[in-house]
Structures are given as structure tokens and as C-alpha cells.
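First the proteins, then the strands, lettered A, B, ... as listed; each starts at 1.
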Amino acid sequence: MRTSPAKLLILIAILLVIVVELRTVLAFFDVELTVLQGIAVGIVGIALLLVWAFSPLFSESDQ
Amino acid sequence: MTDLFVDSYPKQARVVRSAFLTAYIALGIGALFGVLQALHRTDILRLVESPTYYTILTGHGVFLVITFTIFFLVGLYQWAVTDSLGRGPVDMRLTWAWYGLMSSGTLLAAIAILAGFLDDPPTVLGSELSADVLFTFYAPLQANPIFYVGLVLFVVGTWLAGADWFRTWWSWKQENPDARIPLPTFMVLTTMIMWYISSIGVAVSILAFILPWSLGLTGSLNPTLTRTLFWYFGHPVVYFWLLPAYLLWYTVLPKLSGGRLFSDPLARVVFILFILLSTPVGIHHQYLDPGISDGFKFIVMTNTMFLLLPSFLTAFTVVASMEHGARQRGGDGYFNWLQALPWRDPAFTGMSLAGVVFAFGGFTGIVNAGMNINYLVHNSLWVPGHIHTQVGTAVALTFMAGSYWLVPQLTGNRLVGRDVALVQVVLWFVGIVFMTNSMYRGGLIGIPRRSAEPQYDFDYEIAVGSIPEIRAQLAIGGVLLFVSAMLFLVLILLTAFNDDSEPIVDGTIPPALSGPEDSPRVLDDLRVWIAIALVLVAIAYAFPLANIVSRGGLFGPDIGPFPVVVETVASVLSTTDTGMYLEALVETES
Amino acid sequence: MDDTTAAREIDHDEFDPYGTLALIVLYFVVLTLMWVFTYFVEFLGNAPTPMIVL
Ligand code: HEM
Ligand SMILES: [Cu+2]
């Protein structure tokens, strides 16, 4: 695993926060995401994080 | 590893545990009320009639920002004084006396509030038992006298607690005449000075005006005066919530990060700045109040902007201390050191996330503080958004995280479910962002706060998303927060009963990198700061108060109590339709 | 993984908190952007206050 479970959890939380806040910011630039698109971005983001964390390509010992 | 606090000071540990217990009970009830509000406002689940919403809202405000925060404060401060001076109070009877006074005051106020749930509340002291006046108890809203008596007992209890700590420090000083005041004790004493100066306002407001009025001894009062006295206390009280969190950030957080506090003198300067600046700013809550002239409001706005300084100093000192820990643990680079921090530790992670939320919530505070922009957000849902990022997270989450570190030392039991605790603090972080983001956005388009049914006949002009979506987000956030609060309470409860276990926690706090010997001694001369603070308060308040009294009179222009109006409005609304009622209102106004 | 073990001791003179500086710069950039955003919300985003006409 590339990172520790604790850090992964926090990264996911921060990602969720960014998704929630980013929708507001993007709308300011006339990019309007619907709720579903927002959720989709969140899920894709989390999936990417998980792939990054667990991919054997980067495997490294914990901490 | 050193002795646990409970082993070195068993008697004091008992007081701290009792205070924390009261705080946690209040947190549980408050969180329940919070989620009920979130679901009620958004019309997802309405368990009570809408008028009862105000009983819940009063309970939520009082139990969380008075009971939970301040009981945690007295517990924490009792720990801090004992631990840093290495001795207990001069006389434990005084200690239990203030705890008893605070508890009985809380009980009285709680009874008055909760009686609001009864269909047929009894009559006590000449009026119906109820206190649907919200935690700001603005006249002409009127509660049963029991509520105000409870508040007074509670505040007097906190005064005695302060006296107890001053006394402990004084007798320590006799034995250590040349020593500097240890930092945690310094923080406790300065906080209490601020509290003495500011809580006078609310004491005068209640004892001289509101309580006699609610008892029917005086027929009237001057609402502008009592509001101004309330906010004279109402701004410092937010620092009374915040400073215990600061104490944890300055003393415990560097240690948890694996480092040492960057600068002890800077920490002292920050607390002194709070003595000086936190009171002469209260009128910034009254930008929209008629009867106070704009000039005074402008002066107060300037003071408020100065008040940002200690918070920025804190951001720097605390982050630098964390970085010190990270580097000692092998961290490197401009941002990479963040990875070297002990993220697995719920106490550390909770406090850090609380700090992050505080840094961004501070921005919304700057918005509130600006006289012109305040008009945009005043009394809108934006304000509870701000409240929940600041006291609802920076303070509450820090207290929860701090509990994970302290409770094992106070009980001698090992923390149960360390990993669940980590999930709990992260859940709070996510929940608060969901809830406050929707509150901020809702507030900007004018959704009111303190409203059971914020649905109207007109459409809000919404810039981003839709109203149902804002509502759903608020409700989801509220539920996440509720779940997180319950998780916290369960873990603490299990820990309290986790008897045959050895805690894995080290309670020692390493000395600061730059210690008190690097600072001038005058920082510890509390009399100087008290004197300057009093002068600033006089400058900021003498003229506005004189002005208010000379225009409205001490007892005001015949203001009677207001609770009756709820029924009037309800009956008007049920006989006519809302539009016609508004029309009538507009006609009488113009 | 214990949380308090220090890999090395760093004292006051060896410690330059440039990571803190980096974070603070980042924070001020975000604050500035938020102020710009507020400017649009407050001054440019709003039509004149609507009157209730009944
Ligand atoms: C379970 C978590 C919580 C939820 C779901 C929640 C929900 C809410 C909601 C929806 C409101 C707005 C009500 C309205 O204006 O109509 C509110 C107000 C408020 N909340 Fe919370 N809250 C929570 C936790 C907290 C905490 C931890 C604190 C402080 C320590 C807090 C302090 C306040 C205050 C002071 C108000 C304003 C009360 C008033 O307007 O009189 N809340 N809360
Ligand atoms: Cu304030």
C-alpha cells in the first residue's frame, strides 16, 4: 500500500470537501454541475485515490 | 512514562470528570435537537409542531454553547491549572461549590426550557413555565424567571471557578516567588480576566432589567439597552468558547505532532490581546439595530478587524509547532512534511481538522464583521453556517479530539476504539462541510435563520443548484453530524467502563522551543492588562450606552412581554392567507 | 507506529518553519480569492432589492 489507511481516509474526506465546495466555485465560472454529476466526480475521484493507494505499481511499505 | 493525572491528583480528576460528564450529556441532547432542526427546517421530518421548534432551538443553543462548551472549559481548566502548577486547589470545598452552583443553574434553566414541550405547562413564580427565548433571550421575548435565575447561578458558578484558580495560583506564587506563570495557568487566568470583564454585562442585563421584568416587579424595559448589554458579553463569550480550544492547540497539539510549542511568548501575547480586544467589539452584532448610530458601529468594526491579529498569530504559531513535530519525525520539503504527522491519532487529526475549518470559517467571520456586507447576511442562514464552522467545529471538534487524549488520563482506562474515533472526527469534518456549505449558500440568497418553516409563496433567486438540493445537503450534513456525535459519546462511555486496561498515553508536555525567559516579565503582570482593557471598554461603550439610555430611558418606553404574539400571528395566518397578512403589515409600516 | 517518537531532535536555532510559510502563503491566496468572490456576490451579482408589490 502506498499510504496508510488513516491518511487514505483523510484524503477521501478532503476530496469530498473539495467536490462540495468546487461545485459552488465552478458555478461562478458558469460551469454548472448537477447533483448527479457532482456525485459522479466524487466517486471517480475516490476510485482514483483507491487505485493510487493500492496499485502494486507503487507498492511501498506502510509509512 | 509519567504517572497518569488520575494517579497523581485523584481528587482533582474527579472534578474534571464530573464537569466533562455534564458537558457530554449536554452535547448529546444538543446534537439530537440539532438533527431535529435540520430535518424540520428542510421539511423532511417534522416530529413537533412548528411553534415547538423554538423550544428545540432554544435548547440547542443553550445546551451546546452554554452548557457543553463551558462545562468542558471548567473541566479542562481545572486540569490545566492542577497539572501545570503541580498542585490542587487550596480548598476543594470551593471547587465543588462552583461545580454545584453551575450544575444547579443549568438544571433550572433546562427545566424551564424543556417545559416548552408540555401541552399544559405549570405556572411557576407567577407565569407559565417556558423559555422559548433562544440563547440570546432578546427582550421583549420573555421567559419564566426560573430560566434567568438558572443563568445567573451558572455564571456566578463560573466566577467562583475563576476565583478558585486565582487562589491556587496565588498560593503557588508564595512558594515560587520568582518563577514565571506556567503557560497553561497563564492562559486560564487571562481567559478568566476576560470573562470577568465581559460577563458583568449580561449580569447587569439580567439582574437589573430582565429578571425584575419577568417577575413583574418592573413593568417595562429598554430592549436596545438589554441587547447592547447582551452583546457586550456576547462577543467575548465566543472567545470564552474558543480559548480552551486554543489552550489545547498551543499545549497538546504540538506534543501530539511530536514536537514542541514554537514560541511561549507569542502564545502569551495572543491571550493578552484577547483580554484587551474581545470586549470593545460587541456592537458588531448590532449593525442592523436601530438606535445606535453608525459612527459607533464604525469604530467597533475597526476594533473587530484588529481582533484578527491574535488569530493569525495563533495560526502561525500552531502550524509552526506542528511542522517542528513533523520535521522531528523525519518530515521534509515545503508540503511533504504534512505526511509525517501522526494522522492515525484521532486526537491529533480531530484538532487539526478543527483548525482547518476554523481558518476558513474565519473568512466568513470577516464577512460578518464588515458593516456593509453584514447587511447581506444578517439573520440569514449564513449566520448558523458561521456558528457551526466556528464554535460548532473549531471548538466542539477540538473538545472531542482533546477528550480522546484526556479521558484516558482522567480515568486510567485505555481509549476504546481508537480507529473508530478517527472515523468519528473525519465524519464530523465531512458533515460540517456539507451542512455549512448549504447554510452559506442558502443564506446568500436570503433564506432566514431561526425559522421553522422557511418556505414561502415566492421563489428564491438562486445562483447555484436548487432549493431542494440545498435542503437535502443541509439534512445530510446534519445527519452525519448527529451520527458522529453519537459515535463519540459511545466511545467515551465505553472508555469510562473499560476498567481493567492500561491507557497508552503520555501526559507530559514538552517545554516550548522559545520559552518564557525570552519574553519581558511585564507580560505576566496581569494588573497592567486589566487596566488597559477597562479603559478600552470604557471608550467603546460609555458613549453608546449613555446615548441609548438618554434616548430610551433605563426602563424603556413601556415595553411589555412578547410571548403572546405567537398565538396572534398564528390565528391571523389561519384566518387569512399569508399574502393578505403581509399586505396588512406593509400598509401599517408605510 | 507510535505517535510521539521523534526521529531526531531539532532545536530552536536549527528550525526554520518554511513549510509553515508555504501553507500561510497558500492560505492568503485562497483568502484573497474568496474576497474577490465576495465582491461579485455582494456588488455585482445582485439586482436592486426587490420590492414586495401586492
Ligand atoms: C449534531 C450536530 C448539529 C446539527 C445537526 C445542528 C443543526 C443546526 C441547525 C439546522 C441550526 C439552525 C436553526 C435555525 O436557525 O432555524 C442550528 C443552530 C445553531 N447551532 Fe447547531 N447543529 C449541530 C451542532 C452544533 C454544535 C456542536 C454547536 C455548538 C457547540 C451548535 C450551535 C448552534 C447555535 C449557537 C445555533 C443558533 C441558535 C439560534 O439561532 O438561537 N450546533 N444548528
Ligand atoms: Cu462577535
Side-chain angles (χ1 to χ4, degrees), chain B residues 255-260 262-263 312 315-338 340-345 347-348 359-360 362-364 366-367 370 372-373 375-376 444 458 461 463 504 506 512-515 518 579-580 582-583 586-587, chain C:
Chain B
K255 181 238 156 63
L256 295 176
S257 321
R260 290 156 61 187
F262 186 65
S263 165
F312 283 140
F316 169 76
T317 317
V318 172
V319 175
S321 313
M322 289 163 71
E323 185 185 351
H324 179 249
R327 295 204 185 280
Q328 293 209 101
R329 293 162 59 94
D332 237 321
Y334 280 102
F335 294 106
N336 263 340
W337 58 273
L338 289 168
L341 290 167
W343 294 109
R344 213 190 134 193
D345 180 356
F348 170 82
F360 290 96
F363 173 77
T364 61
I366 308 179
V367 168
N372 54 342
I373 314 185
Y375 293 0
L376 178 72
L444 284 179
F458 60 91
E461 258 187 66
I504 19 173
D506 172 13
L513 279 175
S514 161
D518 295 340
M580 280 169 66
L582 276 178
E583 195 171 13
V586 170
E587 268 163 21
Chain C
M1 179 179 107
D2 191 45
D3 297 330
T4 44
T5 41
R8 53 185 165 181
E9 285 284 337
I10 299 178
D11 72 22
H12 192 235
D13 299 329
E14 300 165 68
F15 176 49
D16 297 313
Y18 47 84
T20 304
L21 182 70
L23 278 189
I24 288 183
V25 168
L26 186 71
Y27 177 53
F28 275 94
V29 169
V30 175
L31 276 190
T32 313
L33 289 177
M34 294 208 290
W35 261 121
V36 173
F37 180 58
T38 310
Y39 174 76
F40 281 93
V41 170
E42 159 70 346
F43 299 106
L44 301 184
N46 281 331
T49 311
M51 308 290 289
I52 302 180
V53 184
L54 298 162

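- Looking at C/Leu23, both its backbone and its side chain come within 4.5 Å of chain B, counting heavy atoms on both sides.
- With sequence neighbours excluded, no residue forms a side chain to side chain donor-acceptor pair (under 3.5 Å) with C/Asp16.
- If you measure heavy-atom distances from B/Tyr334 to chain C, the contacts under 4.5 Å come from both the backbone and the side chain.
- Contact count versus chain B (heavy atoms, under 4.5 Å) is highest, among C/Tyr27, C/Trp35, C/Phe15, for C/Phe15.
- Counting heavy-atom pairs closer than 4.5 Å to chain C, the top residue among B/Gly333, B/Gly362, B/Ser321, B/Ala359 is B/Ala359.
- In terms of the side chain to side chain donor-acceptor pair (under 3.5 Å) criterion, B/Ser263 has no residue partners (sequence neighbours excluded).
- Classified by interplanar angle (parallel below 30°, tilted 30° to 60°, perpendicular above 60°), the ring pair C/Phe28/B/Phe312 is tilted.
- B/Arg327 forms a cation-pi arrangement with C/Tyr18, by the criterion of a distance under 6.0 Å to the ring centre and an angle within 45° of the ring axis.
- Within the 4.5 angstrom heavy-atom criterion, no atom of B/Phe348 approaches chain C.
- Residues B/Val319 and C/Ile24 form no side-chain contact, since every pair of their non-hydrogen atoms from C-beta on lies 4.5 Å or further apart.
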